[in-house]
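Read the numbers this way: they start at 1 and go in the same order the structure lists the ligands and their atoms. A quick note: this is a predicted structure, and the numbers were derived from the prediction, not measured.
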Amino acid sequence: MPVHVLGEHPSLLTQILAELRNQKLQKDRHRFRWNLKRAGFLLAYEISRHLPYLQAEVTTPLGQAQVQVLAEPPVLVSILRAGNPFMEGAMEAFDFADVGFVAARRTELTNREVQVEVDYLAVPPLEGRLVVLIDPMLATGRSILLSYEALLLRGRPRQLYIMALIASEYGVSTVQKSLPHAHLYVGAVDKELTARAYIVPGLGDAGDLAYGPLHH
Ligand code: URA
């Protein structure tokens with residue numbers, strides 16, 4: 001499985017990641033969502049460099065230009081809730097994309113294990129499509145794997161791209177083992193996971209930071 005870690009080299013993405021991880025700046029929820037969106041745009045751009053293109057011709061005011069255009073629109077699928085502001089950036093990049101949503105809920109069990117349940121699926125037909133599955137935090141990999149299983153109910157994508165902002169080493173190797181044909185695009189890979197499956201150092205709970213804490 002090809003793994004692209006964009007934050008390996010300093011860029012605007014590493015600047016945005018620094019702001020997203022910063023506990024002080026996280027108090028500004030609007031800025032957090034805005035930065036997730038900007039990071040989503042940059043990762044989507046990177047994915048665009050590995051999509052299929054067609055040669056075409058357009059007429060400019062001065063003549064004919066040979067151009068490369070995307071061969072087909074991808075399907076962007078957000079894993080709720082934190083996937084949404086991140087996906088909005090990808091939607092700005094792929095403004096012609098089809099869009100879907102899947103809800104993968106973490107239920108924390110008493111024995112400190114984390115279980116993920118998929119209980120909402122609203123996606124276009126996926127058979128033979130190029131699908132980008134979007135979740136800013138790739139912790140254990142369970143949400144991605146279960147979401148992908150749920151997507152298969154709507155058809156088998158021709159190619160799966162996974163877009164995450166921060167992944168754990170464990171999450172990357174889990175997804176690599178289970179989805180060897182997928183392409184993974186991440187901003188950074190962090191070393192550790194807590195017992196409650198939070199990425200360390202990570203940035204905290206991306207959904208809570210973007211939208212506020214949930215009622216439990
Ligand atoms: N989801 C989050 O929002 N943060 C983590 O660290 C792991 C999963």
Side-chain angles (χ1 to χ4, degrees), residues 3 5-7 13-14 16-40 42-43 76-90 101-120 132-151 162-179 182 184-216:
V3 181
V5 185
L6 273 69
L13 183 69
T14 56
I16 293 170
L17 254 170
E19 291 188 16
L20 283 165
R21 288 184 191 270
N22 185 322
Q23 198 174 7
K24 283 191 191 137
L25 299 182
Q26 287 177 349
K27 291 193 171 66
D28 182 346
R29 206 177 278 168
H30 175 262
R31 182 167 181 178
F32 188 81
R33 286 196 304 268
W34 168 241
N35 275 330
L36 267 187
K37 180 171 171 173
R38 295 203 298 155
L42 295 176
L43 278 149
L76 308 177
V77 180
S78 164
I79 302 183
L80 298 174
R81 328 185 251 150
N84 278 16
F86 194 40
M87 182 172 74
E88 277 186 24
F101 301 89
V102 53
R105 204 156 38 93
R106 291 154 62 99
T107 47
E108 317 220 337
L109 304 177
T110 44
N111 61 4
R112 300 174 84 203
E113 274 182 30
V114 172
Q115 184 175 298
V116 180
E117 288 170 17
V118 173
D119 49 15
Y120 180 73
V132 185
L133 191 52
I134 298 174
D135 188 351
M137 307 302 283
L138 200 178
T140 63
R142 298 265 302 154
S143 309
I144 294 279
L145 298 183
L146 288 179
S147 298
Y148 183 64
E149 261 177 47
L151 295 190
I162 297 165
M163 178 173 131
L165 182 65
I166 303 178
S168 72
E169 284 182 355
Y170 176 86
V172 171
S173 70
T174 302
V175 170
Q176 255 176 330
K177 275 184 217 132
S178 303
L179 299 172
L184 178 59
Y185 292 79
V186 296
V189 180
D190 286 4
K191 288 217 170 312
E192 286 175 50
L193 270 182
T194 67
R196 293 177 61 219
Y198 280 91
I199 301 172
V200 180
L203 52 70
D205 190 305
D208 284 2
L209 290 164
Y211 297 117
L214 290 175
H215 175 269
H216 287 290

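Contact annotation: Ser168 has no heavy atom less than 4.0 Å from any atom of ligand 1. Distances shorter than 4.0 angstrom do not occur between any heavy atom of Ser143 and any atom of ligand 1.
Short contacts between ligand 1 and Ala139, defined as distances under 4.0 Å to a heavy atom of the residue, involve ligand atoms 7 (C), 8 (C). Atoms of ligand 1 lying under 4.0 Å from at least one heavy atom of Ala197, given by number and element, are 7 (C). Every atom of ligand 1 with a heavy atom of Gly204 under 4.0 Å away is listed here by number and element: 2 (C), 3 (O), 4 (N), 5 (C), 6 (O).
Between Ile199 and ligand 1, at least one N/O pair is under 3.5 Å apart. The N/O atoms of Ala206, backbone and side chain alike, include one that comes under 3.5 Å of an N/O atom in ligand 1.
For the pair Gln176 and Leu184, the minimum side-chain heavy-atom distance is 4.5 Å or more. Looking at Leu179 and Ile144, their side chains come closer than 4.5 Å, going by heavy atoms from C-beta outward.
Salt-bridge check for Asp208 with Arg81: passed, with a basic side-chain N closer than 4.0 Å to an acidic carboxylate O.
Contact annotation for Ala82 and ligand 1: no heavy atom of the residue comes within less than 4.0 Å of the ligand.
Between Leu43 and Gly187, the shortest heavy-atom contact is CD2-N, 4.2 Å. Smallest separation of non-hydrogen atoms from Arg29 and Tyr211: NH1-O, 3.7 Å.
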Please lay out, stage by stage, how Met137 and Leu203 fare under the test side chain to side chain contact (heavy atoms under 4.5 Å, CB included).
CA-CA 9 Å; Met137 307 302 283; Leu203 52 70; 3.8 Å; yes

